[in-house]
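Quick one: this structure, given as structure tokens, is what I'll be asking you about.
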Amino acid sequence: IFGLLAAQGVFLLQNRRYFDQQRTSLALRNIIVVAAINFIIGLSPGIDNWGHLGGFIGGGIFAWLAGPRMSVSDDGFTWRMVDVRTSSNVILASVAVLLLFGGVALLAMGG
């Protein structure tokens with residue numbers, strides 16, 4: 001869930017020129033409030049906030065590197081929104097996030 005929150009925020013930031021500025025700001029504030037409340041709830045015994053933080057960071061990094069980057073395409077008849085991010089960018093971002101979090105996991109396990 002935290003990864004999805006971060007990904008939504010990154011999507012809004014990267015594509016903000018296509019959205020109403022006031023509503024985008026409100027949506028980003030809501031994402032921050034929801035994440036903050038849930039991090040506070042995560043201070044309760046038995047809840048792993050490190051996992052929540054990892055999900056938030058991982059979702060944000062992946063969305064920044066591989067999330068939809070929108071553009072307007074005009075084929076002469078209609079305008080449409082298209083994702084200009086290439087599939088190779090998505091694959092590279094997947095590998096980068098996997099290596100980053102795999103490396104952190106190995107360090108945490110002492111290996």
Side-chain angles (χ1 to χ4, degrees):
I1 299 300
F2 279 86
L4 293 173
L5 282 172
Q8 182 182 10
V10 168
F11 174 80
L12 289 170
L13 282 173
Q14 287 186 335
N15 298 290
R16 64 184 167 268
R17 68 179 169 267
Y18 300 114
F19 300 107
D20 176 71
Q21 183 178 5
Q22 184 177 5
R23 291 182 186 193
T24 301
S25 295
L26 180 61
L28 289 170
R29 265 186 267 137
N30 286 341
I31 290 168
I32 291 167
V33 168
V34 167
I37 288 170
N38 281 286
F39 276 122
I40 291 168
I41 291 170
L43 296 173
S44 301
I47 296 177
D48 183 8
N49 249 352
W50 288 109
H52 292 150
L53 182 61
F56 194 81
I57 292 170
I61 291 171
F62 183 78
W64 190 266
L65 298 173
R69 180 85 45 110
M70 306 310 288
S71 181
V72 175
S73 173
D74 179 9
D75 63 6
F77 297 104
T78 59
W79 289 9
R80 58 191 176 103
M81 298 295 292
V82 295
D83 182 6
V84 296
R85 185 96 61 185
T86 64
S87 58
S88 61
N89 284 4
V90 175
I91 293 168
L92 287 173
S94 301
V95 171
V97 170
L98 179 67
L99 289 174
L100 174 68
F101 279 88
V104 169
L106 283 174
L107 287 173
M109 293 187 315

First locate atom CG of Leu5, then atom CD1 of Ile32, and finally report the distance between them rounded to the nearest 0.5 Å.
10.5 Å

From Asp75 CG over to Arg80 CZ, what is the distance, rounded to the nearest 0.5 angstrom?
6.0 Å

Restricting to side chain to side chain contact (heavy atoms under 4.5 Å, CB included), what partner residues turn up for Val84, sequence neighbours left out?
Arg69, Ser71, Val82

Worked check of side-chain contact (heavy atoms from CB on, under 4.5 Å) between Phe11 and Phe19:
CA-CA 11 Å; Phe11 174 80; Phe19 300 107; 3.6 Å; yes

ILVMFWY network linking Val97 to Leu4, side-chain heavy atoms under 4.5 angstrom
no

Please find the pair of heavy atoms, one from Ala63 and one from Ala7, that lie closest to each other, and give the distance.
CB-CA, 3.6 Å

Do Val72 and Met81 have side chains that get closer than 4.5 Å, going by heavy atoms?
yes

Partners meeting side chain to side chain contact (heavy atoms under 4.5 Å, CB included) with Leu65 (sequence neighbours left out)
Ile61, Ala93

So which atom in Ser44 and which in Ile41 form the shortest heavy-atom distance, rounded to 0.1 Å?
OG-O, 2.8 Å

Considering only residues two or more places apart or on different chains, which pairs with a residue in residues 13-28 satisfy side chain to side chain donor-acceptor pair (under 3.5 Å)?
Gln14-Arg85

Min side-chain heavy-atom separation Val90-Phe62 under 4.5 Å
yes

Can you name the side chain to side chain contact (heavy atoms under 4.5 Å, CB included) partners of Leu26, sequence neighbours left out?
Arg29, Asn30

Would a single hydrophobic cluster contain both Val10 and Ile1, if residues Ile, Leu, Val, Met, Phe, Trp and Tyr are joined by side-chain heavy-atom contacts under 4.5 Å?
no

Acceptor/donor pairs from residues 46-57 side chains to any protein atom, 3.5 angstrom cut, sequence neighbours excluded:
unit_1, atom_1, unit_2, atom_2, d
Asp48, OD1, Trp50, N, 3.1
Asp48, OD1, Gly51, N, 3.4
Asn49, OD1, His52, ND1, 3.2
Asn49, ND2, Phe39, O, 2.9

Given side-chain contact (heavy atoms from CB on, under 4.5 Å), test Leu12 with Ile31 step by step and report yes or no.
CA-CA 11 Å; Leu12 289 170; Ile31 290 168; 4.1 Å; yes

Residue pairs meeting side chain to side chain donor-acceptor pair (under 3.5 Å), one or both in residues 89-102, sequence neighbours left out, come to Thr86-Asn89

